[in-house]
Protein chains: 2
Amino acid sequence: MSLPYAILTALLEKPSSGLELTRRFDKSIGYFWSATHQQIYRELGKLEESGAIRALPGPRQPTRGQKKEYEVLPAGRNELAAWVAKIEDPKPIRDALLLRLRAAGVVGTQGLEAEVRRHLTLHRAQLAEYRAIEERDFGNGRDSEGDRLRHLVLRAGIDLENFWVGWLEAARAELADMGPGVSTGPDTGTDARTGPESTA
Amino acid sequence: MSLPYAILTALLEKPSSGLELTRRFDKSIGYFWSATHQQIYRELGKLEESGAIRALPGPRQPTRGQKKEYEVLPAGRNELAAWVAKIEDPKPIRDALLLRLRAAGVVGTQGLEAEVRRHLTLHRAQLAEYRAIEERDFGNGRDSEGDRLRHLVLRAGIDLENFWVGWLEAARAELADMGPGVSTGPDTGTDARTGPESTA
DNA sequence: ATTCTTTATGCAACTTGTTGCACAACGGTG
DNA sequence: CACCGTTGTGCAACAAGTTGCATAAAGAAT
C-alpha cells in the first residue's frame with residue numbers, strides 16, 4: 001500500500017505529529033492521496049514499531065492527549081527510495097459518475113443532468129484552486145529539483161481537472177440534447193410487479 | 001457503495017451468472033469499476049436476499065458447482081434509477097505514481113524514469129484499445145440513447161488516457177532533464193545510521 | 001475553581017476490497 | 001471408468017479505509 005510512503009514523504013518534508021499530518025493531508029499530498037486521522041495514527045504506530053520512524057524526545061509517558069512528533073529514520077528513507085523505483089502497475093480508475101452514466105443508459109437519465117452540472121461546478125472550483133496554488137508557489141522561474149517535481153504533480157492535478165471539466169461539459173450537452181424522457185420509467189414497479197416467488 | 005449498482009446495470013443489460021459477470025467486468029464496466037469474482041458473488045448474495053434480484057428458475061438445490069443465473073427485479077431497477085439521480089460528490093483521485101513523484105522530490109529520482117516510461121507504454125496501449133472499441137462499436141452514426149451514453153463513457157476513458165499519455169511524456173522529459181544525480185542517495189543508511197534508541 | 005472549547009491521541013466496530021483455497025459438476029481422453 | 005482440465009460457486013482470512021466515540025491535556029471564560 002501507499003499510505004505509509006505518503007506519510008514518510010510528508011515527515012521527510014517536515015517532522016510532525018499525527019494531527020499536523022492530518023491537516024497537511026487535507027492539502028497538498030491529500031489532493032491525490034487522502035487519509036483520515038485514524039488511518040494516519042494507525043500507520044504511524046506501525047511505522048514506529050517497524051523502525052522506519054521514531055518519536056522525537058521530550059517528556060513522554062502518558063501518550064494520551066499529549067502531542068507526539070515523529071521523524072524519519074534512515075531505514076524509513078531507504079524504504080521510501082526503494083518504493084519510488086518499484087515496478088507497480090497503474091490501477092484502473094474507479095469513478096461512480098461514469099458508472100451512473102452507464103446505468104442511465106438502462107434505467108433512464110432522470111436526475112442525472114443536475115448531478116453532472118453539480119460535478120462540473122465542483123471540478124471548476126478545484127481547477128481554480130490548483131491554478132491559484134500554481135501561481136502562488138511556482139509563479140517565478142527558479143525552481144529546485146524538488147520544486148520541479150512538485151510542480152509536475154500539481155500540473156497532473158490541473159490537467160486532470162481540465163479533462164473533467166471538458167468531458168462534463170460534453171456530457172451535459174449530450175444529456176440536454178436527449179432530455180429526461182427515457183426508457184422504462186424509474187418508478188413503475190409497484191403495479192407491474194413480478195413477485196420473486198411467483199414462478200420459482 | 002457502487003458495486004451493487006454496477007452489478008444491477010450489468011444484469012439489466014443481460015441476465016448472467018456470477019462467472020459471466022466476472023468476465024464481463026474484465027471488459028466494459030470493469031474499465032472504470034473493477035471487481036473480483038469474490039466481490040461479485042458476495043454482492044449477488046446480498047442483492048438476492050434484499051429482493052433486488054432473483055435467481056432464474058431451473059432445477060436447483062445443491063448450489064455448489066451449479067450455474068446460477070440472475071435477473072433484476074423491479075425493486076432493483078428502482079434502486080438503480082434512484083442512485084443515478086443521487087447527490088454524491090466526486091472522490092479525489094488516488095494515484096500512487098503521483099505520490100512517488102512527490103516522494104522523489106525528497107529521496108531522489110533514482111529508478112523513477114523507467115517506471116514513468118513503463119506507465120507511458122501501458123497507457124498508450126490502453127488508449128489504443130479504447131480507440132479500437134470506439135471504432136468497432138460506434139463507428140457509424142445511428143446510435144440509440146443507450147449507445148450515446150455508453151459512447152460518452154468510453155470517451156471519458158479515451159480522454160483520460162490521453163491526459164495520462166500527455167502528462168507522462170512531460171514527466172519523462174523533465175526527469176531526463178534532471179538526470180538521476182539527486183539529493184541524499186537512497187542507499188546510505190547502513191553506516192550513517194542513527195539508532196532508534198540512541199537518544200530516546 | 002469549575003466549565004467549556006480546542007487540540008490531540010487513540011480504541012472498536014464496520015465496510016470494501018484482495019488473496020488463497022476448497023469443492024462440486026461437466027466434458028473429454030486413455 | 002478413472003483421471004484430468006475447465007467451468008463454476010463459495011468460504012475464510014486478511015488488508016485497507018471509514019465512522020463513531022472515548023479520553024486526556026491545555027487554555028480561555030465565567
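Residue numbers start from 1 in every chain, and the chains themselves are labelled A, B, ... in the order their sequence lines are given, proteins ahead of strands.
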**OP:** Give the rounded distance in Å between these two atoms: CG of B/Leu21 and P of D/dT7.
**Re:** 17 Å
Original post:
So, B/Asp95 and A/Lys91, do they make that salt bridge, N to O below 4.0 Å?
Top reply: no
Subject >> Interatomic distance, B/Phe25 CZ vs D/dG8 P [rounded to whole Å] >> reply: 17 Å
**OP:** Could you check B/Trp33 against A/Glu20 and say which one's nearest nucleotide on DNA chain C is further toward the 5' end?
**Re:** A/Glu20
Original post:
Taking side chain as C-beta onward, heavy atoms only, is A/Pro90 less than 4.5 Å from B/Leu122?
Top reply: yes
Subject >> Whole angstrom value for the distance that separates C1' of C/dT16 from CD1 of B/Ile7 >> reply: 13 Å
Subject >> Between P of C/dT18 and CD of B/Glu43, the distance in whole Å >> reply: 13 Å
Original post:
What nucleotide among D/dT19, C/dT18, C/dT9 has an atom nearest to a side-chain atom of A/Arg94?
Top reply: C/dT18
Subject >> Position toward the 5' end of DNA chain D (nearest nucleotide), A/Arg42 or A/His37 >> reply: A/Arg42
Original post:
B/Lys68 NZ to D/dT7 C1': how many Å, rounded?
Top reply: 17 Å
Original post:
Starting at CD1 of A/Ile40 and ending at C1' of C/dG10, how long is that distance when rounded to a whole Å?
Top reply: 13 Å
Original post:
Below 3.5 Å, does any donor atom in the side chain of A/Gln38 face an acceptor in the base of C/dG10, or the other way round?
Top reply: yes
Original post:
Are any of A/Tyr41's side-chain N or O atoms less than 4.0 Å away from OP1 or OP2 of C/dT9?
Top reply: yes
Original post:
Would you say the base of D/dT7 and the side-chain of B/Arg23 have a donor-acceptor pair closer than 3.5 Å?
Top reply: no
Original post:
Parallel, tilted or perpendicular: which fits the ring planes of A/Trp164 and A/His123, with parallel below 30° and perpendicular above 60°?
Top reply: parallel
Subject >> Whole-Å distance separating the NZ atom of A/Lys67 from the P atom of C/dG10 >> reply: 14 Å
Original post:
Are side-chain heavy atoms of B/Tyr41 and B/Leu19 found at a separation under 4.5 Å?
Top reply: yes
**OP:** Would you indicate, yes or no, if C/dT18 has its OP1 or OP2 atom less than 4.0 angstrom from a side-chain nitrogen or oxygen of B/Gln39?
**Re:** yes
**OP:** To the nearest Å, give me how far apart CG (B/Leu19) and P (D/dT7) are.
**Re:** 8 Å
**OP:** Counting heavy atoms from C-beta on, name the nucleotide in D/dA16, D/dT18, C/dT19 closest to the side chain of A/Thr36.
**Re:** D/dT18
Subject >> Salt bridge A/Lys27-A/Glu129, side-chain N to carboxylate O under 4.0 Å >> reply: no
